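To find a chain, count down the sequence lines: A is the first, B the second, and so on, and within it residues start at 1. Please read all numbers here as calculations on a predicted model, not as lab measurements. What you see below is based on every heavy atom in this structure, not just the backbone, and it leaves out hydrogens, waters and symmetry mates.
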There are 2 protein chains.
Amino acid sequence: MDQQQISAYLLKNGVRPLQKRVKIMNYLVSKRNHPTVDMIYSDLIHEINGLSKTTIYNVLNLFVESNVALALNIEGNEIRYDADTSAHGHFKCKICTGIIDFRIKKEEMPVPMLEGFRIDEQHYYLKGVCSFCANKIEA
Amino acid sequence: MDQQQISAYLLKNGVRPLQKRVKIMNYLVSKRNHPTVDMIYSDLIHEINGLSKTTIYNVLNLFVESNVALALNIEGNEIRYDADTSAHGHFKCKICTGIIDFRIKKEEMPVPMLEGFRIDEQHYYLKGVCSFCANKIEA
DNA sequence: CATAAATTTGTAATCATTTCATTTATTAAT
DNA sequence: ATTAATAAATGAAATGATTACAAATTTATG
Ligand SMILES: [Mn+2]
Ligand SMILES: [Mn+2]
Ligand SMILES: [Zn+2]
Ligand SMILES: [Zn+2]
């Protein structure tokens, strides 16, 4: 995904592709690290002159409203953002705090019998210790 | 579940059944409303003389560590607590902010192929509009 | 009862996020 | 191309949930 494709993608989803928005979306899709606002800020501040943290909040909130990003609530004290809006699960490691994706087939997602409910979002996440950290502990 | 049973339950799980702990656990199991700390506080302050919000935080953190309560991270700005530690899903209504349970059979829970990972917690939650609120909007 | 240990309390600190007024950039009109 | 109107970005201050911490109180132990 280059800048052009990202601009087109935003436009298609009703988001005007302004410079900072494109840069932030580009960051999300290229790093795929489910970052916090602070992670985005400390990485992009070098690249974008005079970037404000408030702008990142504004842009991410816009992305979520426009369905081009997901807000992940896994830990109570932070929101993680994800440009992959398809149905998939997340694993958060308690040790390294990293979040990794795992695929779930849509038909594997349990569908509850909630008559008359409108379901907008489905979230499935796990917490534990990743294999990398588990090995380190063992050693 | 009366006070006696709650005391025994806490004791069995390594939590000394002090008065306020029993009252707070009793609140959780009898109301089953997935409350925030503030909800618990404003309800119990009438019943327990000189209750501090800090105590509720302390007790709930102890409950979670001792696996007699779950901390639910559904919205980024609040933690909800649940005395039902069995595997089940949650639905949060955007309108009335209520959280309701739905059963998921354990074998329905998708198990990702994460080789070498230690999985401690599994969370599945939905967001949308409950049938009650959906009807009100329609009318 | 006396003493030690654990718990509770209230205040202050922390930290992520939002609000808001001002400044700057972008678009549309002249 | 200027200008006016609109939208976006900025930074400082406010908010709100949670935690830290020291002092006061309660509970357990001898
Ligand atoms: Mn993801
Ligand atoms: Mn529940
Ligand atoms: Zn790890
Ligand atoms: Zn509702």
Of the residues in residues 26-39 of chain A, which ones touch DNA chain C at a heavy-atom distance under 4.0 Å?
Asp38(A)
With no hydrogens and no angle check, do the side chains of Tyr125(B) and Gln122(A) hold a donor and an acceptor under 3.5 Å apart?
no
Taking only heavy atoms on the protein side, list every residue of residues 55-68 of chain B lying under 4.0 Å from any atom of DNA chain D, sorted numerically.
Tyr57(B), Asn61(B)
Check the distance between dG16(D)'s P and Ile79(A)'s CD1 and give it to me in whole angstrom.
16 Å
According to the salt bridge (charged side-chain N to carboxylate O under 4.0 Å, His left out) rule, which pairs have a member within residues 7-18 of chain B, sequence neighbours left out?
none
Look at Arg80(A) together with Asp82(A) and state whether they make a salt bridge at an N to O cut-off of under 4.0 Å.
no
Assess whether a salt bridge exists between Lys92(A) and Glu78(A), defined as any Lys/Arg side-chain N lying under 4.0 Å from an Asp/Glu carboxylate O.
yes
Would you list the pairs meeting salt bridge (charged side-chain N to carboxylate O under 4.0 Å, His left out) in which at least one residue belongs to residues 60-73 of chain A, sequence neighbours left out?
none
Mapping Lys53(A) and Ser52(B) to their closest nucleotides on DNA chain C, which lands nearer the 5' end?
Ser52(B)
Where does the chain A footprint on DNA chain C start and end, counting 5' to 3' with a 4.0 Å heavy-atom cut-off?
dA16(C) to dT27(C)
In numerical order, the residues of residues 14-24 of chain A whose heavy atoms come under 4.0 Å of DNA chain D are Arg16(A), Leu18(A), Lys20(A), Arg21(A)
Ser86(A) side, atom OG; Ile104(A) side, atom CD1 - distance, nearest 0.5 Å:
10.5 Å
Using the ring pair (Phe, Tyr, Trp, His ring centres under 6.0 Å) rule, collect all pairs that involve residues 4-30 of chain B, keeping only residues at least two apart or in two chains.
none
Partners of Phe117(A) by ring-ring contact (aromatic ring centres under 6.0 Å, His included), sequence neighbours excluded?
Phe91(B)
To the nearest angstrom, how far is Ile40(B) atom CD1 from dT18(D) atom C1'?
14 Å
If you find the nucleotide of DNA chain D closest to Asn49(A) and the one closest to Gly76(A), which residue's nucleotide is nearer the 5' end?
Asn49(A)
Quick test of your reading: applying ring pair (Phe, Tyr, Trp, His ring centres under 6.0 Å), list the pairs with at least one residue in residues 33-74 of chain A, sequence neighbours left out, ordered by first then second residue.
His34(A)-His90(A)
Return the set of residues passing side chain to side chain donor-acceptor pair (under 3.5 Å) with Gln3(B) (not counting sequence neighbours), or none when no residue passes.
none
Under the 4.5 Å side-chain heavy-atom rule for ILVMFWY, direct or indirect, which residues accompany Ile95(A)?
Val129(A), Ile137(A)
Only pairs at least two apart or in different chains count here, so list each salt bridge (charged side-chain N to carboxylate O under 4.0 Å, His left out) that has a residue in residues 17-45 of chain B.
Lys31(B)-Asp43(B), Asp38(B)-Lys53(B)
Check ion pair Arg118(B)-Asp120(B) (N to O, under 4.0 angstrom)
yes
